[in-house]
K.L.:
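If you scroll down you'll find the structure; I have some questions about it.
Protein chains get the first letters and strands the later ones, always in sequence-line order, with residue 1 at the start of each.
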There are 2 protein chains.
Amino acid sequence: MEISFSDIKRKFQECGLKTTPQRTAIYDALLRSTAHPTAEDLFVKVAPQFPMMSLNTVYYTLGVLRTSGLIHEVNIGHTRARFDANLTPHHHLICLGCQTIVDVMDPRLNRLTSPFGIPKDFEITGHQVVFRGLCGSCRRHTGRSINHSSSG
Amino acid sequence: MEISFSDIKRKFQECGLKTTPQRTAIYDALLRSTAHPTAEDLFVKVAPQFPMMSLNTVYYTLGVLRTSGLIHEVNIGHTRARFDANLTPHHHLICLGCQTIVDVMDPRLNRLTSPFGIPKDFEITGHQVVFRGLCGSCRRHTGRSINHSSSG
DNA sequence: TGCTAAATAGGAATAGTTCCTAAACAGGAA
DNA sequence: TTCCTGTTTAGGAACTATTCCTATTTAGCA
Ligand SMILES: [Mn+2]
Ligand SMILES: [Mn+2]
Ligand SMILES: [Zn+2]
Ligand SMILES: [Zn+2]
């Protein structure tokens, strides 16, 4: 999973994107993360290298990368968008206590049988399984009382 | 699926909630809908009966109903929260063109095998399958060009 | 019929994101 | 190498969905 600068540069070129230091740093930070960071998470991570950088640039960059298909936006809960540079088909598990999102790479989930009872002219292009639960530290801290109200 | 006023009143009482006209109208509107409306959708639907009603009341009411377990919040995409009074375990199919959400009631999806590769101290309490695609009208209108960027 | 905690309405505040615009810059052309 | 142009960046303002605050009203109970 090691990605070099030239790998990133080539990917940008393939997508017709200019290779700027900010863009490279943002994409690189996302590639190295498995935490599904928010735009602000990424901003905090790369801002030290670019004291002038604006959060706006992070949003713009993530939009460009998403449109180019280099990253995915993972929306679980409606509060903040989270991003993922892992393009391998996979699923997610979210802790309802701390919102941590971990990857679920089990390939058996990639081929669910086509569901019945849906409108016949609806074309299904994909699916995503979102598991909900409590991570170990949240189980210990919150005494396992969680609200199940929100589902991804 | 027909629900009477007294059914609603009883449910509110079981939850220790006062039966107000606004609350009844909001819950009733949600019960009658299969569209997974937003708070504003519900406001538009019930506001004519209550010219003084504020959108705030809709948010407050939905929060109370959710905390009481009478409704679910369905978060697909991070833009707006959508609500569902259908408490039967089920899944969803969203049109990436028009954001329409339809129910997927296939019970085979309710019992997925427990995925491997997740942290051993993570307790899974549930899951939700979100299918993505294009509804018939969006297929016709947009020439099937959609962005797959956002996943639930 | 009154009391009181809950609910409502309205306005202000907040958070996340997008829009607008001028300046800077990457990468191709000359 | 230098120049040019469209892209990218930074900064600020705007926008949207939601929450917070608070005074008034009201449902349900004594
Ligand atoms: Mn992921
Ligand atoms: Mn539903
Ligand atoms: Zn947790
Ligand atoms: Zn559609």
K.L.:
Between Phe12(A) and Tyr27(A), is the ring centroid distance below 6.0 Å?
P.N.:
yes
K.L.:
Hey, does the side chain of Arg23(A) come within less than 4.0 Å of dA26(C)'s phosphate (OP1/OP2), counting only N and O?
P.N.:
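It does not, given that no N or O in the side chain of Arg23(A) lies less than 4.0 Å from OP1 or OP2 of dA26(C).
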K.L.:
With the side chain of Lys18(A) defined as its heavy atoms from C-beta on, choose the nearest nucleotide among dG6(D), dT19(D), dA10(D).
P.N.:
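That would be dG6(D).
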K.L.:
Can we say Asp7(A) and Lys11(A) salt-bridge, meaning some charged N sits less than 4.0 Å from an Asp/Glu carboxylate O?
P.N.:
no
K.L.:
Hey, are Asp84(A) and His36(A) close enough side-chain-wise for a donor-acceptor pair under 3.5 Å?
P.N.:
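There is such a pair (donor and acceptor under 3.5 Å, judged by atom type) between the side chains of His36(A) and Asp84(A).
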K.L.:
When you measure from the side-chain N and O atoms of Thr61(A) to the phosphate of dT8(D), is any distance below 4.0 Å, counting only OP1 and OP2?
P.N.:
no
K.L.:
How close or far is atom C1' of dT9(D) from atom CG of Leu62(A), stated in whole angstroms?
P.N.:
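My rounded result for the distance is 14 Å.
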K.L.:
Whole angstrom is fine here: how far is it from CG in Asn56(B) over to C1' in dA12(C)?
P.N.:
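After rounding, the reported distance stands at 11 Å.
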K.L.:
Taking atom types as modelled and ignoring hydrogens, do the side chains of His91(B) and Asn110(B) form a donor-acceptor contact shorter than 3.5 angstrom?
P.N.:
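There is such a pair (donor and acceptor under 3.5 Å, judged by atom type) between the side chains of His91(B) and Asn110(B).
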K.L.:
Taking the side chain as every heavy atom from C-beta outward, state whether Arg32(A) and Glu2(A) have any pair of such atoms under 4.5 Å apart.
P.N.:
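The answer is yes, as the side chains (C-beta and beyond) meet within the 4.5 Å cut-off.
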K.L.:
Nearest-Å distance, OH (Tyr60(B)) to C1' (dA6(C))?
P.N.:
6 Å
K.L.:
What is the separation between atom CZ on Arg10(B) and atom C1' on dG28(D), rounded to the nearest whole Å?
P.N.:
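After rounding, the reported distance stands at 18 Å.
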K.L.:
Over how many whole Å does the gap from Gln13(A) atom CD to dG27(C) atom C1' extend?
P.N.:
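Spelled out: CD on Gln13(A) to C1' on dG27(C) is 10 Å.
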K.L.:
Using atom CG of Leu55(B) as one end and atom P of dA7(C) as the other, report the distance to the nearest whole Å.
P.N.:
18 Å
K.L.:
Among residues 33-54 of chain B, which residues get a heavy atom nearer than 4.0 Å to DNA chain C?
P.N.:
Met52(B), Met53(B), Ser54(B)
K.L.:
Any idea which heavy atoms bring Phe43(B) and Ser54(B) closest together, and the distance?
P.N.:
CE1-C, 3.6 Å
K.L.:
In terms of side-chain heavy atoms of Gln22(A), which of dT9(D), dG11(C), dG27(C) is nearest?
P.N.:
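The nucleotide sitting nearest to the side chain is dT9(D).
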K.L.:
Measure the distance from CD1 on Ile26(A) to P on dT8(D) and round it to the nearest whole Å.
P.N.:
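Distance, rounded to whole Å: 12 Å.
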K.L.:
Are any of the side-chain heavy atoms of Thr19(B) and Phe5(B) separated by less than 4.5 Å?
P.N.:
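Of all side-chain heavy-atom pairs linking Phe5(B) with Thr19(B), at least one is under 4.5 Å.
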K.L.:
So which one's nearest nucleotide on DNA chain D is more toward 5', Tyr59(B) or Thr20(B)?
P.N.:
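Here Tyr59(B) is the residue nearer the 5' end.
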K.L.:
What is the distance from CD of Glu73(A) to C1' of dT18(C), rounded to the nearest Å?
P.N.:
13 Å
